[in-house]
**Student:** 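Sharing a structure here in structure tokens format.
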2 protein chains.
Amino acid sequence: MLMHATPVSLPRPHSLSELGMSAASNPMVSLREFTYRRGSEIYGEKEPAEYIYQVKSGTVRSYKLLSDGRRQINAFHIPGDTFGLTNGGVHRFTTEAVTDTTVRLIRRESLDAVAGSDGTLTGSLLHMTMTNLRHAEDHMLLLGRKTSLERVAAFLIEMDRRLTAAGVLALPMSRRDIADYLGLTLETVSRSLSHLRELGVLAFIDNNQRHIVLMDRQQLAGFDRRN
Amino acid sequence: MLMHATPVSLPRPHSLSELGMSAASNPMVSLREFTYRRGSEIYGEKEPAEYIYQVKSGTVRSYKLLSDGRRQINAFHIPGDTFGLTNGGVHRFTTEAVTDTTVRLIRRESLDAVAGSDGTLTGSLLHMTMTNLRHAEDHMLLLGRKTSLERVAAFLIEMDRRLTAAGVLALPMSRRDIADYLGLTLETVSRSLSHLRELGVLAFIDNNQRHIVLMDRQQLAGFDRRN
DNA sequence: ACGCCGCCTTGATCTAGCGCAACTTGAGGC
DNA sequence: GCCTCAAGTTGCGCTAGATCAAGGCGGCGT
């Protein structure tokens, strides 16, 4: 779980085409893996989208920026998640490795062109896109109408579902990342977590504020039961 | 443009299956049209999704509610837009006619099952879903990180693009609808619009606060140029 | 060991937007 | 015409969350 304090970028492909393509005939064949060091960029908003990605290990954040630096994190991608799917051929988010992350690169033969050819492929793309859409829809309700405590509770419930192992919720991301995901400030996130700890809903363990044990999922869900 | 002050529900199909199906063999054949009176519900969240819809005339709002009544409007659908597409077979939003609205009903043979059969069909569903997803992604940035003035400016720009005719932006929805779309209160929307009017960015016409002329699109865009 | 640094927490204050209320205006009914 | 009602505007506090600031803590490099 230890991170490098000074993230040193691995030699990553500056343009994705530098990766080459070993078995380029079938567009859904996994080509190769690549590892990104903590904090490094996987691709930037508005870059041409030549690949889609599947997380093998690690965590990825996907976000948009306003020109003055305000950031909205759209999603965290964990092992098994696919990301980077777009229709316009251009990425709509910047993605970065939250921790050291290994991804599988999947060549993207222009999805718009492929639409009519392979129903099975397109069907799985549709399913993935639907999954992303459902998440975005739920997140709009959170961002538009939920209080800070409700947002943090919803976040914990989501992360508990997605990445709790051995009873411990080991968050890979910082308070700032959480804040930018929930449309709050890092201080408000910290205060909400402290509040939940005081209420006995959760506890920090291992002398690590990212290692959380949920003591009362019932009560936690109660803070988001207005849903 | 005149509306009934007291919305009287037309006899609408309580369950969509009551609509019957004339040419049910091809799932993408338009079956029939239906008209909903201003304010009436088209379908509710968690209802089974038997049809998808295309707006022929009018405007539809799509939203989620929290149990205490807080509402987040996800999208406004105008003529040409398709809505009601979902994968789980269950609607994730409630939709209502903002004005008297006529829709085309399209029978939805379980999309999950259809996925592998007709690539062209699935491809067009994928395109629609991608379009919805892109909108949702942009809206998350707005809801999570933009100021009230930026939100209202972005709203006006979106609506200007989608429904300005003859130089007049004729908004079909109330201030409350706009507020619930932008994650604000109706008062804040009203104040922001007044502020933009004082600045000469827009003007109300026809003695109707929903009829807006944009006097300075350049300056208006400036309030959302942090994007 | 020591100091630095990134991350987090906590306290104090500030403010954008909310909530409440009064008032205006236009449309429809009679 | 007059009344009612829905929708919108505006003013005036108020508060949830932002902002500013101080301090703690653990890991890492030297």
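Proteins come first, then strands; the chains are lettered A, B, ... in the order of their sequence lines, and each starts at number 1.
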**Student:** Which heavy atom in B:Phe76 sits nearest to a heavy atom in B:Asp81, and how many Å separate them?
**Tutor:**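 Taking every non-hydrogen atom into account, O-OD2, 3.8 Å.
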**Student:** Kindly check if the number of other-residue, nucleotide or ligand heavy atoms within 6.0 Å of CZ (A:Arg134) is above 12?
**Tutor:** yes
**Student:** Separation of A:His211 atom NE2 from D:dG26 atom C1', in whole Å?
**Tutor:**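 That distance rounds to 13 Å.
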**Student:** Please determine whether salt bridge (charged side-chain N to carboxylate O under 4.0 Å, His left out) holds for the pair A:Arg92 and B:Asp138, giving the CA-CA distance in whole Å, both sets of side-chain angles, and the decisive distance to 0.1 Å.
**Tutor:** CA-CA 9 Å; A:Arg92 294 194 299 268; B:Asp138 291 340; over 6 Å; no
**Student:** In whole Å, what is the span from the CG atom of B:Leu149 to the P atom of C:dC18?
**Tutor:** 13 Å
**Student:** What's the CZ-P distance between B:Arg151 and C:dG17, to the nearest Å?
**Tutor:**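 My rounded result for the distance is 7 Å.
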**Student:** Between P on D:dA16 and CZ on B:Arg70, what's the gap in Å once rounded to a whole number?
**Tutor:**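 So the CZ-P distance, B:Arg70 to D:dA16, works out to 12 Å.
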**Student:** Got a donor-acceptor contact below 3.5 angstrom from the B:Arg145 side chain to the A:Arg71 backbone?
**Tutor:**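 Pair found, side chain donor or acceptor close to backbone of A:Arg71.
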**Student:** How long is the line joining CD of B:Gln209 and P of D:dA6, in whole Å?
**Tutor:** 16 Å
**Student:** Take B:Ser62 and B:Thr95 through the side chain to side chain donor-acceptor pair (under 3.5 Å) test and state the conclusion after the steps.
**Tutor:** CA-CA 4 Å; B:Ser62 166; B:Thr95 54; over 6 Å; no
**Student:** Take the protein atom CG of B:Asn208 and the nucleotide atom P of C:dG26, then report the distance between them rounded to whole Å.
**Tutor:**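 Computing the B:Asn208:CG to C:dG26:P distance gives 10 Å.
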**Student:** So, is B:Arg175 near the phosphate of D:dA6, with a side-chain N or O under 4.0 Å from OP1 or OP2?
**Tutor:** no
**Student:** Determine whether the aromatic ring centres of A:Phe93 and A:Phe83 lie less than 6.0 Å apart.
**Tutor:**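 Centroid separation for A:Phe93 and A:Phe83: 6.0 Å or greater.
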**Student:** Using a heavy-atom distance cut-off of less than 4.0 Å, which residues of residues 184-199 of chain B contact DNA chain C?
**Tutor:**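 Only B:Leu184, B:Thr185, B:Glu187, B:Thr188, B:Arg191 qualify.
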**Student:** Distance check needed: D:dA7 C1' versus B:Asp177 CG, whole Å only.
**Tutor:** 12 Å
**Student:** Among D:dA7, D:dT9, C:dG26, which nucleotide has an atom closest to any side-chain atom of B:Asn207?
**Tutor:**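 The answer is C:dG26.
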**Student:** If only side-chain N and O atoms of B:Arg210 are considered, is one of them under 4.0 Å from the OP1 or OP2 phosphate oxygen of D:dG8?
**Tutor:**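 For D:dG8, OP1/OP2 do have a side-chain N/O of B:Arg210 under 4.0 Å.
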**Student:** Within the structure, does a side-chain N or O atom of B:Ser148 lie under 4.0 Å from either OP1 or OP2 of C:dG17?
**Tutor:** yes
**Student:** Rounded to the nearest angstrom, tell me the gap between atom CG in A:Asp206 and atom P in D:dG27.
**Tutor:**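 From A:Asp206 CG to D:dG27 P: 11 Å.
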**Student:** Flag the pair A:Leu193 / A:Arg175 as yes when at least one side-chain heavy-atom distance between them is below 4.5 Å, and no otherwise.
**Tutor:**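 A:Leu193 vs A:Arg175: side chains touch.
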